[in-house]
> 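Got a structure for you, questions after.
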There are 2 protein chains.
Amino acid sequence: MSAGADFPRPYTTVDVAIFSVRDDALQVLLVQRPSDAGEPFPGQWALPGGYVDVTRDDSLLDCARRKLREKTAVASPYLEQLGSWGNATRDPRGWSATHVYFALLPSDDLALAKGANAADVAWFEVEAVLKKRPRLAFDHHELLQAAVERLRSKVEYTSLPAFLLPEPFTLPQLQHMYEIVLGRAVDKSGFRTRMLAADFLEEVGVVESDSNRPPMGYRLKDREKAVFFPRTFSPRG
Amino acid sequence: MSAGADFPRPYTTVDVAIFSVRDDALQVLLVQRPSDAGEPFPGQWALPGGYVDVTRDDSLLDCARRKLREKTAVASPYLEQLGSWGNATRDPRGWSATHVYFALLPSDDLALAKGANAADVAWFEVEAVLKKRPRLAFDHHELLQAAVERLRSKVEYTSLPAFLLPEPFTLPQLQHMYEIVLGRAVDKSGFRTRMLAADFLEEVGVVESDSNRPPMGYRLKDREKAVFFPRTFSPRG
DNA sequence: CCAATAGTGTCTGTTAGACAATATACA
DNA sequence: TGTATATTGTCTAACAGACACTATTGG
């Protein structure tokens with residue numbers, strides 16, 4: 001049996017949870033759904049995403065990159081697959097499966113949606129959105145929750161927060177990113193030892209600051225993938 | 001725009017990497033593809049899988065469970081989503097996206113394919129298959145490789161190998177599973193301390209053995225999910 | 001009493017975490 | 001010299017890894 005053509009095919013979509021740290025808080029990029037007739041969840045906020053376009057996207061990753069490019073001006077941020085969600089009821093139009101990615105953006109290059117519709121894209125504090133302010137379309141609360149859990153969990157033992165900073169960055173700045181995502185303080189001395197022992201940073205010369213002792217600037221040796229630490233952080237205080 | 005219906009839809013499939021330990025080696029369940037005309041990779045071995053059937057499967061997980069049930073007699077083994085692979089070229093019939101799961105089976109209930117075609121299902125040693133003996137259909141070598149990597153990596157810091165044993169099992173048996181999957185020896189004393197400290201085992205009374213001192217039998221407190229250890233195993237010797 | 005496996009105890013080097021001390025800039 | 005931030009040093013309790021020892025059975 002050449003079963004493929006005979007079966008009704010589910011919808012295939014890609015959604016992206018795009019994170020950045022702004023105003024000392026973890027934020028996520030949301031888009032407002034169109035109000036056209038026939039569109040589900042008109043006017044509601046949702047994760048950026050949509051149908052895979054087999055004529056434009058060579059792969060799921062390509063599709064995720066396109067979604068990201070359409071909503072932000074960023075070329076190549078950290079992008080990782082989270083998982084997939086698929087069932088008969090999550091989309092009122094029918095059986096659909098979505099492939100979810102999450103991305104980390106430095107807080108500087110935040111030129112949003114240079115395209116036509118800049119008004120329907122905005123940053124929201126993750127904590128608020130998880131409390132359903134605003135309410136999200138589809139099962140996107142579930143997707144966002146999973147993305148945040150994955151992020152928070154990986155921050156405990158990887159160099160992920162480095163992708164939230166523009167280069168060059170300093171160790172105190174990096175520690176600040178860790179503390180914001182983890183939601184707790186981290187010991188200064190231990191933090192530095194860990195970061196430098198992990199051998200993923202490259203000195204790039206002292207950087208100027210407003211006053212006081214100028215800190216050393218660093219950049220990532222590899223902007224493609226995160227580094228895994230041998231042990232996890234532990235609470236302090 | 002009600003874009004869904006307008007776009008050509010990719011094929012949606014689910015594949016499952018089913019693992020078990022047999023003859024002191026990690027093995028994976030493969031199925032032989034049909035030889036019918038028009039079928040891709042006729043007669044070649046592949047991971048069990050196939051199209052999502054929107055009339056039978058309520059969700060991707062349901063579909064994975066169905067694939068598993070069709071090839072084995074097992075009711076509810078450990079089942080975890082691995083990720084998804086989708087691009088224009090992986091299936092010669094067209095743009096397709098597959099959702100990959102991996103499952104762990106105790107080596108006792110291995111009644112295979114009670115259905116019609118028992119001949120086209122068989123266990124293979126993972127090490128051999130990774131070396132392309134036999135060669136797999138589609139991109140299934142890549143999928144299997146990812147599944148094995150995930151399994152080996154999670155074994156370092158989770159209770160996953162417990163799902164490879166029928167209950168009740170003993171701590172020496174459990175240690176044996178760890179050593180097989182990890183491919184190295186593990187210290188007895190430290191192993192026991194870790195397992196018992198993780199508090200996921202339940203004593204179920206001494207179990208009889210061929211001779212010598214009878215060991216304590218254990219079962220899982222929760223057969224649904226694995227437990228995470230605070231630290232990773234470390235090499236010894 | 002011996003062999004074989006199950007299970008426990010002990011020692012030691014390493015290290016994470018807490019915190020103290022020093023370094024370097026500007027005013 | 002004072003202050004603020006950056007960076008390094010020290011001390012200690014906890015613990016993993018190695019390995020020796022005891023326990024319990026059958027022969």
Side-chain angles (χ1 to χ4, degrees), chain A residues 24 155-159 162 165 167-180 182-199 201-219 227-237, chain B residues 24 155-159 162 165 167-180 182-199 201-219 227-237:
Chain A
D24 281 356
V155 164
E156 296 275 359
Y157 58 95
T158 69
S159 63
L165 285 171
E167 296 177 331
F169 52 81
T170 71
L171 284 180
Q173 285 174 335
L174 183 57
Q175 180 174 352
H176 193 217
M177 289 299 110
Y178 272 90
E179 292 180 334
I180 285 174
L182 288 176
R184 65 175 136 89
V186 167
D187 181 78
K188 191 171 37 169
S189 174
F191 179 80
R192 301 178 137 265
T193 328
R194 272 181 81 119
M195 293 304 126
L196 298 177
D199 193 40
L201 294 175
E202 207 166 32
E203 287 195 2
V204 76
V206 171
V207 96
E208 85 265 18
S209 66
D210 281 358
S211 75
N212 306 356
R213 174 171 176 175
M216 175 62 69
Y218 294 89
R219 70 171 172 211
V227 163
F228 287 67
F229 306 139
R231 304 219 186 314
T232 181
F233 283 98
S234 307
R236 121 193 156 135
Chain B
D24 281 355
V155 164
E156 297 275 0
Y157 58 94
T158 70
S159 64
L165 285 171
E167 295 177 333
F169 53 83
T170 72
L171 283 180
Q173 286 174 335
L174 184 57
Q175 180 174 352
H176 194 215
M177 289 299 109
Y178 272 90
E179 293 179 332
I180 286 175
L182 288 175
R184 64 175 138 89
V186 167
D187 182 78
K188 187 172 41 168
S189 176
F191 179 80
R192 302 179 136 263
T193 325
R194 272 180 83 120
M195 293 304 126
L196 297 177
D199 192 39
L201 295 175
E202 207 167 32
E203 288 195 2
V204 77
V206 171
V207 97
E208 87 266 17
S209 66
D210 281 359
S211 75
N212 306 356
R213 172 169 176 176
M216 175 61 70
Y218 294 89
R219 71 169 173 215
V227 163
F228 287 68
F229 306 139
R231 303 220 185 312
T232 182
F233 283 98
S234 308
R236 125 195 151 134

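Every chain is numbered from 1, with letters handed out A, B, ... down the list of sequences. Only this structure's heavy atoms are used, side chains among them; waters, hydrogens and symmetry mates stay out.
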> I'd like a list of close polar pairs between nucleotides 20-25 of chain D and the protein, N/O only, cut-off under 3.5 Å.
from	atom 1	to	atom 2	distance (Å)
D:dA23	N3	B:Arg213	NH1	3.0

> Nearest heavy-atom pair of B:Met195 and B:Leu171: which atoms, and what distance?
CB-CD2, 4.2 Å
> What is the minimum heavy-atom distance between A:Arg219 and A:Val204, and which atoms define it?
NH1-CG2, 4.3 Å
> Report the distance from atom CZ of B:Phe169 to atom P of C:dT5, rounded to the nearest whole Å.
21 Å
> In whole Å, I'd like the distance from the CG atom of A:Leu174 to the P atom of D:dT5.
18 Å
> Once you round it to whole Å, what is the distance between C1' of C:dA6 and CG of B:Leu201?
16 Å
> Grab the CE-P distance between A:Met195 and D:dT7 for me, whole Å please.
14 Å
> Can you check whether B:Tyr218 reaches B:Leu165 side chain to side chain, under 4.5 Å on heavy atoms?
no
> Expressed in angstrom and rounded to an integer, what is the separation of B:Asp187 atom CG from C:dC11 atom P?
17 Å
> Applying salt bridge (charged side-chain N to carboxylate O under 4.0 Å, His left out), can you list everything that pairs with A:Asp24, at least two apart in sequence or on another chain?
none
> In whole Å, I'd like the distance from the CZ atom of B:Phe191 to the C1' atom of C:dA6.
13 Å
> Measure up the A:Tyr178 and A:Phe191 rings against each other and bin them: parallel (under 30°), tilted (30 to 60°), perpendicular (over 60°).
perpendicular
> Find the distance B:Glu208:CD to C:dA6:P and express it as a whole number of Å.
14 Å
> In whole angstrom, what separates A:Tyr218's OH from D:dA6's P?
12 Å
> Quick one: do A:Glu156 and A:Arg184 satisfy salt bridge (charged side-chain N to carboxylate O under 4.0 Å, His left out)? Show the steps, please.
CA-CA 11 Å; A:Glu156 296 275 359; A:Arg184 65 175 136 89; 2.6 Å; yes
